[in-house]
Amino acid sequence: MTVVAFAEKNKAAAQIASILGDGEVDKISVEGLPAYEFKWKGEEWFVMGLSGHIMSYDFPEKYNKWNEVDPGVLLGIYPEKFVTRAEYAAAVKNLAKRADKIILACDYDREGENIGFEAKTLSEEVTNVPISRARFSALSPKEVKKAFENPVEPDYNMAMAAEARQILDLKMGAAFTRFVTLSVREKARTKDILSIGPCQTPTCGFVYEREKIIRAFETKDFWKITAIFVAKGGEFEGIHRAGNIYEKEKAVEIFKRLKGAKEGLVVKKTVKEAKTSPPNPLNTTEYLKRASKFLGISPEAALEVAEQLYLAGFTSYPRTETNKYADDFDFKSLVFDFARQTEYKPFAESILSAPIVPKNGEKDAHDHPPIHPIRAAARREISAAVNIPQAAEAYDLIARHFLANLMPAAVFEKTHLQLHVKEEPFDSSGTVLKDAGWLEVYPFENKKDKLLPFVEEKEKVDIKKLSNTKSKTSPPKKLTEAELLTLMDKHGIGTKATAPSHIETNKKRGYFETKGKTVSILDTGFTLMEGLSLTVPILIRPDIRSKIEALIQEVEDGKKEFEAALDEGTALIKEMYAQLEANKKELTSSIAGTIKDEAALEDKKNYIGTCKVCGHVLKIVQTDTGRFVGCSGYPDCRNSFPLPKTGALNVLRSKECKKEGAAVLKVGNKYNWAVGIGPCFKCDLEKECYPPETVGPCPECDGSMFLISFKDSRFLGCTKRCGYTHSVPKTGKLTLLDKTCGTCGWKLFRLKEEGDSPEEDFCVNRRCTEGIKYWRKTGPRNESRGQAKASGDSVSRPEAGSTARSTARSTARPTPCKVSKGPSITGERKEDRGK
DNA sequence: GCAAGGTC
């Protein structure tokens, strides 16, 4: 007699073989895959692990051309099931041919049943031997032996429920994803896929809803009146009973009444005992939440760690909804085991010193026990066996959580004081941990005391300080991953095993991101959710998942035929699809805008800023006929601005236009241009945007002298335009230094003439003895004066229909200037030639 | 190329 068993995965198969074969197991290879051969109860056994699902649904080939098939058509197609892991299928058939009896031994849940049926389907292609099912919820010798000694009938309904889910999820996901992606691509160029799914979309919906609340939040000012009291035993704080006071006048009034108060009276003291029970036993979601909150491990990583701890035999099956220990759970021998492990010894001993009463939750899904340790192990033992960094920490959390479940409640003493200050009521409270109970073994929870000094009723206490503090109400915080998991669990989004992957999908699609433990929505996610909430609101809410889940649960319970559930589910999806189609425009326009904005933001060279008309992105647009600044919201928004026709354009990010031009551009190496305003040198605010680098005070008025450079001349002019000018060396490279002249206070210049002549630093001021020295030395060679010369510049205009408001004018402009970018000066000037 | 569910 040969028995063949199929487990869900290789490691489970190995564990089963080692339990049933009692250590005497041969590892063999079937079609290149590992399997295990042994003898049990006189029979020849083969156990092989699958790799989860080895089959999958998809649409027939001809429906895979996105551009040729209307997505709605997919809803009427029955997808095909095919083998995704050919090597596994071959191995299953190979073993099935040798079998006199086949046992499905996958995980004990809906998907496990379905995976077993995949092996059953494949086996039935080559044999017709009896196929039964072994059900066990822990890979412990006791559970496994019991399950294989008493195999049962495979559960057809359970397997078909999973089948219905697969088909409905595929239909909905494929049709909606293609529809949204293709519709958006009609408006914005993108290769990205905008996916929709019955789990991923409501998951994003939770993040969106929180973001909406945060954005709509209006902060309010409030005042709080506090006192610091001094008793014999020390200081403590009291808060006026009015708490957060939202009217300023009221706070001022109370505070006025308190003015000059030197002491307070303790009118009442109450001491209460409060108990905090241990947390409920760990089911998957609770474990993932705590791993994120206490250990900072992402849900996805935490699940992987738990899986490995389970496969290595340290902890129980990690995918469970149950948070209630079975009535016959053998706590005692497990705790005894922990009593031998140094790290946990004291807690285990205290548990064993009294009758064991476990803390239990309410949920019993009859699937697996709560996640608990299978045996006590030291950190190094875990690290050696499971090669994942956080394995030891995760085991420690699971072990301590289990021990905490068996320990007494923590006892706190809470003291509350009522005080009067000039008849105004104040409250003060403190907490002291009297008996740590389970908190002893559970260092993750905060158990800080807030101490109060000892005071008695009727005691008078001094006042050290009275304050009336203004604060602001703050918006709700962003969701944490732990909170998101709670919401998903509460609304039945995904299974305990897949919740982390739905979070990952949303991140991959660019819908939201996680920073540390918090989750923040991204623009694409926000606009997509907004679009869906206006067209098919049910999609972003958990309802969509619960409707499908309810249908397939009926199949599992045998209350509904598989075909009927499929029809009903498809009808529901078709209805939603019709709504989506009818509102295509509303749905896609804002998403397309966001995608275009994101592309424009990425294009750093052409990015200008935000459009004041529509809020989208302004960018430099280059066409065959010219260039201009346009809005990414085009054609809905036609806001645009002209640009000069020639010269390379560079956006000066650090410059700000005082006339509210959208941005400042450098044109070639020549001049600056404010988008929407025109050339900066034509602007009356130019000096505010480009304050001149002054040389020193003007000797004629209270202005300052600064360097003015034209194409073929340069001189110093006065910022107040008093008419006083001053010559500078005509040739050579002039640099204004930070050093000043000790005699007159003007800044020194440095001159580098052409050729080999050395650089020299000097004062240029003719009214200064130092300056006179310089001019005497250089002689008459610099005695020319500059001439402003006009040159033209033309500007390209955007296409017709634009709302350009700046116009181009032919105008004079300065040439590049090596020293300072001084503004042009027109009008008379008188040259000072010294006296 | 699309979903969610397994597992690696």
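In this text the structure is predicted, and so the values were computed from the model without any measurement. As a basis for the values below, the full set of heavy atoms in this structure was taken, side chains included, without hydrogen atoms, waters or symmetry mates. The chains referred to below are lettered A, B, ... by the order of the sequence lines, with proteins before strands, and numbering in each begins at 1.
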Legend entry - Audit row: Thr498(A), Ser501(A), side-chain hydrogen bond (donor to acceptor under 3.5 Å, both in side chains) steps and yes/no: CA-CA 5 Å; Thr498(A) 59; Ser501(A) 79; 5.1 Å; no
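- Within 4.0 Å (heavy atoms only), Ser195(A) reaches sugar-phosphate atoms of the nucleic acid but no base atom.
- Atom CZ of Arg85(A) is separated from atom P of dC8(B) by 9 Å (rounded to the nearest Å).
- The phosphate of dG1(B) has neither OP1 nor OP2 within less than 4.0 Å of any side-chain N or O from Arg185(A).
- When rounded to the nearest whole Å, the span between OH of Tyr310(A) and C1' of dT7(B) equals 12 Å.
- Look at CD1 on Ile573(A): it is 12 Å from P on dA4(B), rounded to the nearest Å.
- Nucleic acid contact class of Ala497(A) (heavy atoms, under 4.0 Å, all strands): sugar-phosphate only.
- Phe176(A) comes within 4.0 angstrom of no nucleic acid atom, judged by non-hydrogen atoms across all strands.
- Leu50(A) has its CG atom 10 Å from the C1' atom of dG6(B), to the nearest Å.
- The 5' end of DNA chain B is approached more closely, in terms of each residue's nearest nucleotide, by Thr181(A) than by the other of Thr181(A) and Ser51(A).
- Note: Phe38(A) and Trp45(A) have parallel aromatic rings, judged against thresholds of 30 and 60 degrees for the angle between ring planes.
- Listed candidates were dA3(B), dC8(B), dG1(B). Nearest to the side chain of Leu170(A) is dA3(B).
- If you check distances only, the side chain of Asp58(A) does reach the base of dC2(B) with a donor-acceptor pair under 3.5 Å.
- The CD1 atom of Ile552(A) sits 13 Å away from the P atom of dA4(B) (whole-angstrom rounding).
- Both Asp192(A) and Gly52(A) lie close to DNA chain B; mapped to their nearest nucleotides by heavy-atom distance, the more 5′-ward contact belongs to Asp192(A).
- Checking dA4(B), dC8(B), dG1(B) against every side-chain atom of Asp169(A), the shortest atom distance belongs to dA4(B).
- Nucleic acid contact class of Ile196(A) (heavy atoms, under 4.0 Å, all strands): sugar-phosphate only.
- Residue His502(A) places none of its side-chain N or O atoms closer than 4.0 Å to OP1 or OP2 of dA3(B).
- Side-chain N/O atoms of Tyr88(A) and Glu118(A) include no donor and acceptor closer than 3.5 Å.
- Side-chain N/O atoms of Thr514(A) and Lys507(A) include a donor and acceptor closer than 3.5 Å.
- Across all strands shown, Gly494(A) has heavy atoms under 4.0 Å from sugar-phosphate atoms exclusively, and none from any base.
- Here dG5(B) is the nucleotide among dT7(B), dC2(B), dG5(B) with the atom lying nearest to any side-chain atom of His53(A).
- Note that Arg98(A) lies in the cation-pi zone of Phe46(A), set by a 6.0 Å cut-off to the ring centre and a 45° limit from the axis.
- Atom pair Asn387(A):CG and dC8(B):P shows a separation of 16 Å (rounding to whole Å applied).
- When the side-chain nitrogen and oxygen atoms of Gln166(A) are compared with OP1 and OP2 of dA3(B), none of them lie within a distance under 4.0 Å.
- Rounded to whole Å, atom P of dA3(B) lies 12 Å from atom CZ of Phe59(A).
- In the model, Gln579(A) has no side-chain atom that pairs as donor or acceptor with a side-chain atom of Asn583(A) under 3.5 Å.
- Proximity of Thr498(A) to the phosphate of dA4(B): no side-chain N or O atom is located under 4.0 Å from OP1 or OP2.
- Between Arg509(A) and dG1(B), a side-chain N or O to OP1/OP2 separation shorter than 4.0 Å is absent.
- A heavy-atom distance below 4.5 Å is not found between the side chains of Tyr208(A) and Thr527(A).
- Counting only heavy atoms from C-beta on, Cys199(A) has its side chain closest to dG5(B) among dA3(B), dG1(B), dG5(B).
- Taking the side chain of Glu111(A) as heavy atoms from C-beta on, and the options dG5(B), dT7(B), dA4(B), the nearest nucleotide is dG5(B).
- The side chain of Thr495(A) contributes an N or O atom lying less than 4.0 Å from OP1 or OP2 of dG6(B).
- Rounded to whole Å, the distance from CZ on Phe117(A) to P on dG6(B) is 17 Å.
- Considering only side-chain atoms of Asp107(A), the nucleotide from dG1(B), dA4(B), dT7(B) that sits closest is dT7(B).
- When each of dA3(B), dC8(B), dG1(B) is scored by its nearest atom to the side-chain atoms of Pro198(A), the top-ranked nucleotide is dA3(B).
- Residue Arg110(A) is classed as having no contact, given no heavy-atom separation below 4.0 Å to the nucleic acid.
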